[in-house]
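Inspection log for the structure reproduced underneath, given as structure tokens.
Each chain gets a letter, A, B and so on, in the order its sequence line appears, and its residues count up from 1. It should be emphasised that the depicted structure is a prediction, and the values quoted were computed from it without experimental measurement.
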Amino acid sequence: MISNDVLNHSCEHVLAAAIIKLFPSAKLAMGPQTHANGFYYDIDIEEPITLSDLSNIELEMRNIIAKDIPFEKFNVTKEEACKIFEKLNQDYKKEILDWIPDKNIILYRNDNFIDLCRGPHLPSTGAIRAFKLLNIAGCYWRADKNRKVLQRISGIAFLSEDELNLHLLRIDEIKKRDHRKIGSKLNLFLVSNPLIGPGLITWLPNGSLIRMGIENFLRKEHFENGYDAIISPHIAKLDLWKISGHWEFYCENMFSPMKIDDQEYILKPMNCPFHILAYKSKPRSYRELPIRFCELGTVYRYELTGVLHGLMRARGFTQDDAHIFCTWDQVDQELDNIINFILKVLKKFGFFKFEINLSTMPKKYVGNLEHWKRAEKSLEQAILRHGITYTIDTGGGAFYGPKIDLKLKDSLDRSWQCSTVQLDFNNPERFDLNFMNSTGLSERPVMIHRALLGSLERFIGILLEEYTGALPFWIAPEQIRILTIADRHTEYAKKIEQILIKKNFRTKISKENDKLGAKIRDAQMDKIPLMLVIGDKEIEQENVTIRTRKGENLGLKNEHELLAYCESLM
RNA sequence: GCCGGUAUAGCUCAGUUGGAAGAGCAACUGAUUCGUAAUCAGUAGGUCAUCAGUUCAAAUCUGAUUAUCGGCUCCA
């Protein structure tokens, strides 16, 4: 059984050999196989490679594969390797040799192409059955922006044409589902208006309905789970961010201060300081704990223009944020509640597969070590109690405490990080938070930051891609469209519309002077979950005919049956 | 921010060697009153992203700016 890693790795050597043949002056940098089933090679080459060059390179690669050249492994000393790459004029390889501690170096050879490589490889190039070059990109040597920009050619290899085609279909499917395309087709949001600015989102009526639907759902759930609401401003004095430590540790993600009345203010990158001050607004007793403050808080973070991506990565976004203030004894129970809450909410949106990442103390951190260890342990045990598989990201925590991130898996098997739970014993310290314990002594509470969906914008992006815009009934901006056969049916249609609106369903009457077929087509294109057809027959029997987005005709229903059916979809 | 693409009507896109700005859909107007994915006809819609430059002549060539897309974590 040949692993994908070995296959991709070998294909990458074929790519390098092809490039050297076509561009003899090219200097090869590095070319590992990627995590996502593929390979790339970074090369330093004078002339820019364009997409049209890829087919030539592919052609040369096919030649090499057709010749079925064996991969020969051989050992040399570092000095010998250095001489070989000197002769081949491969400076980057010589640099890589410097980082390798071993005295003996493994090289691989195909024909007259030699590369520095640990292997393993396929026996020969002929074993590569299917591959494709996908992309060209620029990137820095060793990801260091002070060093030379190289050209990266990336591609993918498989053991069979079928697998390759499946993969290409998947790439196609991902492109088709791009939330930015769906968003503009369905008039959901503006994200690229040059007068508003990059990474800033304006919700159009239908998009606003989706967002408000989610917000209403979240509010209801939070109140049922013992949270209290906070509403905080979008800017605050720089001093606040100095106390919280953000100005010191997070300033590269914050927008520059603005001057108001000789004081410096900052657009908020987080909601927590406001919730902390809300906690501090009066003396607290142990009887009040845990205190759970929630807010759909819009935050602004500076992101490099190059990393902005529709709703998925924006400069202004709204978090379903909450901060829980509790005693150390209450932490475990609270963590359990939060994980249950997260799973419940994500399942409501149709996500059932998850992964968890536990991120531990980073190099840049505040607080004492003992608290860090205790907090990391609490988080780990909370995960274990829920039996979800998890991985540990050493050093990936926030500067003020460790965290767990929950990723959901979508139907194309992509994972998205949404939920996050962070323990914080630093801010209570910084802001001098207290409560009176049962023995009359002042004690310091622990703080838990958590978000369920993360950013509403991003989550809606994920939903749109998951459902290709055809959102479930309960969250669809327009749930029901009423289609009349002829003008004389409009009056009855309006009556049905009023009945539905009174029950809080979102519905519209199709206004076009079109045939039924055209109205159905429009509704299908607009991804409306339910259509009600009204003609002579329906009016006569005081019924409507229900047609679903999937094309099912559910037949005639009276008012009561219609409402019951709609209710069942909520 | 950096590297490389891209920018033409609301949307999807044509536009040849530099020589009069195009189509389909959407919109609007009129006719049609129709039973489960497109009725017909007509009208209107543009500083070819912006600003400079080359040229007798620029959507087309050059430069800058803006926006946008793909990358910039994986260590032989």
Short of 4.0 Å, heavy atom to strand atom, which residues of [range] count as contacting RNA chain B?
{"range": "residues 485-498 of chain A", "value": "A/I485, A/A486, A/D487, A/R488"}
{"range": "residues 542-559 of chain A", "value": "A/T545, A/R547, A/N553"}
{"range": "residues 524-535 of chain A", "value": "A/Q524, A/V533, A/G535"}

More 5' along RNA chain B: A/K181 or A/G197, using each one's nearest nucleotide?
A/K181

Which residues satisfy the ring pair (Phe, Tyr, Trp, His ring centres under 6.0 Å) test with A/Y565, sequence neighbours excluded?
none

Could you list the residues that satisfy side chain to side chain contact (heavy atoms under 4.5 Å, CB included) with [X], not counting sequence neighbours?
{"X": "A/A518", "result": "A/D514"}
{"X": "A/T420", "result": "A/K403, A/D405, A/Q417, A/Q422, A/A451"}
{"X": "A/I539", "result": "A/H489, A/Y492, A/I534"}
{"X": "A/T318", "result": "A/R211, A/L296, A/T298, A/L456, A/E457"}

Which residues pass the salt bridge (Lys or Arg N to Asp or Glu O under 4.0 Å) test with [X], not counting sequence neighbours?
{"X": "A/R481", "result": "A/E478, A/D526"}
{"X": "A/E466", "result": "none"}
{"X": "A/K515", "result": "none"}

Out of curiosity, A/Y390 OH to A/D393 CG, how far, rounded to the nearest 0.5 Å?
13.5 Å

Remember a base hit wins even if backbone is also touched, and classify [X] as base, sugar-phosphate or nothing at under 4.0 Å, heavy atoms.
{"X": "A/E303", "result": "nothing"}
{"X": "A/D522", "result": "nothing"}
{"X": "A/K185", "result": "nothing"}

Atom-pair distance (CG on A/L304; P on B/rG71), nearest Å:
16 Å

CG of A/D178 versus P of B/rU6: gap in Å, rounded?
19 Å

Identify all stems in which RNA chain B takes part, counting only runs of at least 3 consecutive pairs (Watson-Crick or G-U wobble, each distance under 3.5 Å), and give each as one range with another, ordered by first number.
B:1-7 with B:66-72, B:10-13 with B:22-25, B:27-31 with B:39-43, B:49-53 with B:61-65

